[in-house]
Novice: 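Structure in structure tokens, see below.
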Amino acid sequence: MVLDKIEKLLEKYENGETTLQEEQQLKNYFSQEVVAPHLEVYKPMFVYFLQTQKEQFTKTIPLQPKKTYTLYKWISVAAIAVLMFAVYIQFGDQAKSMDDLSQDELLAYNQTVEAFNLLASMFNKGTESMDALTLMTTSLEKGTENVALLGAFSNTQNKIFKNQ
Amino acid sequence: MTQAEFLDIVMPFKDKVFRLAKRLLVSQEEAEDATQEILIKLWNNKQKIQEYNNVEAFSMTMTKNFCLDRLKSKHAQNLKIVHSNYQDKNVSLQKQVELNDSVDWVSKIMEELPEQQKIILQLRDIEQYEFSEISKMLDINETAIRVSLSRARKTLREKLTKTHSYGVR
């Protein structure tokens with residue numbers, strides 16, 4: 001390549017006016033083994049540009065974690081939904097009304113109610129017997145009062161004996 | 001969108017994202033982390049990907065913003081990003097400037113450029129984007145880009161001339 005042309009290109013290059021093609025020409029020229037001595041200074045520049053261009057990003061791109069994370073999130077959501085459904089199945093249908101009961105169940109229910117009523121009436125009888133007990137307690141109290149009167153009588157008697 | 005489709009879209013420019021991140025953050029590890037994070041962001045927004053008319057340009061803008069944010073927060077914490085990607089070349093430079101050393105110098109000199117010029121030089125001279133594309137990515141008009149680029153290239157050449165003629169900066 002003509003040296004004259006390279007010099008002109010270099011001037012344009014330094015003014016930022018070269019096109020990409022022209023810059024490529026310069027790079028090609030300076031990647032030769034031997035260049036004109038007064039242009040030697042430019043050589044490391046262009047060689048460096050060409051070298052750096054080849055540098056690569058070698059690390060792997062970790063895209064997987066993000067993906068599994070969202071998957072886990074949805075699995076947990078599904079698990080909770082299943083759990084809630086199971087709980088509902090297990091305990092959810094206890095609140096039945098009387099109309100839902102079958103014949104047998106109704107019978108059992110009535111018998112239970114009857115038994116409870118019987119129990120309640122027995123309790124009432126028991127309470128009546130307790131009334132008799134109260135009556136006895138009041139009589140006992142009266143007796144105690146009489147004993148107290150007796151005490152008062154004996155006190156008076158003692159006084160009379162002392163005076164004699 | 002499946003993972004394979006996403007990778008088909010992303011694969012062609014993932015290296016460019018990485019290189020821009022490395023240009024700004026300098027450290028290899030930082031740049032790798034940044035690239036991963038940007039790709040994951042894209043993946044998480046994959047539903048919207050069809051709406052972007054240019055995914056690549058969008059990603060480059062994202063990279064630029066992400067890295068500048070990183071740098072700002074590092075700066076606020078008063079932490080310097082640790083980078084151990086290159087050895088100190090001073091000793092060998094004192095002897096004789098070899099080509100490989102000078103090539104490494106280019107990277108050092110580029111580090112000293114202002115962020116804006118760094119990004120533009122990276123996008124143009126290394127990734128070979130058209131001015132119109134860079135203008136869209138950075139939201140700056142083309143004239144301003146040319147001016148920045150010209151300044152960056154001149155600074156690069158001047159500093160290289162210095163190292164070249166004295167051996168030591």
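Numbered from 1 within each chain, the chains take letters A, B, ... in sequence-line order.
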Novice: Between B:Gln122, B:Glu32, B:Lys154, which has the largest tally of heavy atom pairs under 4.5 Å with chain A?
Specialist: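 The answer is B:Glu32.
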Novice: Using the rule that Ile, Leu, Val, Met, Phe, Trp and Tyr join whenever any side-chain heavy atoms are under 4.5 Å apart, tell me whether A:Val47 and A:Leu9 fall into a single cluster.
Specialist: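 A:Val47 clusters together with A:Leu9.
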Novice: For B:Ile145, is it the side chain, the backbone, both, or neither that has a heavy atom closer than 4.5 Å to a heavy atom of chain A?
Specialist: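 B:Ile145 has no heavy atom closer than 4.5 Å to chain A.
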Novice: Linking Ile, Leu, Val, Met, Phe, Trp and Tyr by side-chain heavy atoms under 4.5 Å, what else ends up with A:Leu133?
Specialist: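 Taking Ile, Leu, Val, Met, Phe, Trp and Tyr as members, A:Leu133 shares its hydrophobic cluster with A:Met130.
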Novice: Between B:Gln128, B:Arg146, B:Met110, which residue shows the highest count of heavy-atom pairs closer than 4.5 Å to chain A?
Specialist: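 Highest number of pairs under 4.5 Å: B:Gln128.
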Novice: If you count heavy-atom pairs within less than 4.5 Å of chain A, which of B:Val147, B:Asp15, B:Leu7 leads?
Specialist: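 So the answer, after comparing B:Val147, B:Asp15, B:Leu7, is B:Asp15.
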Novice: Which residues in residues 11-24 of chain A have a heavy atom less than 4.5 Å from any heavy atom of chain B?
Specialist: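 The stretch touches chain B at A:Tyr13, A:Glu14, A:Asn15, A:Gly16, A:Glu17, A:Thr18, A:Thr19, A:Leu20, A:Glu23, A:Gln24.
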Novice: Compute both the distance and the angle, then confirm whether B:Arg124 meets the cation-pi test with B:Phe131: under 6.0 Å from the six-membered ring centre, within 45 degrees of the axis.
Specialist: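 Pair B:Arg124/B:Phe131 counts as cation-pi.
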Novice: Return yes if some donor-acceptor pair links the side-chain N/O of A:Lys43 with the main-chain N/O of A:Phe30 below 3.5 Å, else return no.
Specialist: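 Confirmed, A:Lys43 side chain pairs with A:Phe30 backbone.
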Novice: Donor-acceptor pair, B:Arg151 side chain versus B:Gln117 backbone, under 3.5 Å?
Specialist: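 A pair under 3.5 Å: no.
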Novice: Check this for me, if you would: do A:Lys27 and B:Asp125 make a salt bridge, where the nitrogen-to-carboxylate-oxygen distance has to be below 4.0 angstrom?
Specialist: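 Looking at B:Asp125 together with A:Lys27, the answer is no, because their closest N to O distance does not fall below 4.0 Å.
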Novice: Identify which part of B:Glu130 has an atom lying under 4.5 Å from any heavy atom of chain A, answering side chain, backbone, both or neither.
Specialist: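 Both the backbone and the side chain of B:Glu130 come within 4.5 Å of chain A.
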Novice: What pairs of residues pass the salt bridge (Lys or Arg N to Asp or Glu O under 4.0 Å) test when at least one of them lies in residues 40-58 of chain B, not counting sequence neighbours?
Specialist: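 Passing the test, one end in residues 40-58 of chain B: B:Lys16-B:Glu56.
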Novice: Test of understanding: with ring pair (Phe, Tyr, Trp, His ring centres under 6.0 Å), list the residues that count as partners of B:Phe6, not counting sequence neighbours.
Specialist: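 Checked B:Phe6 against ring pair (Phe, Tyr, Trp, His ring centres under 6.0 Å); matches are B:Trp43.
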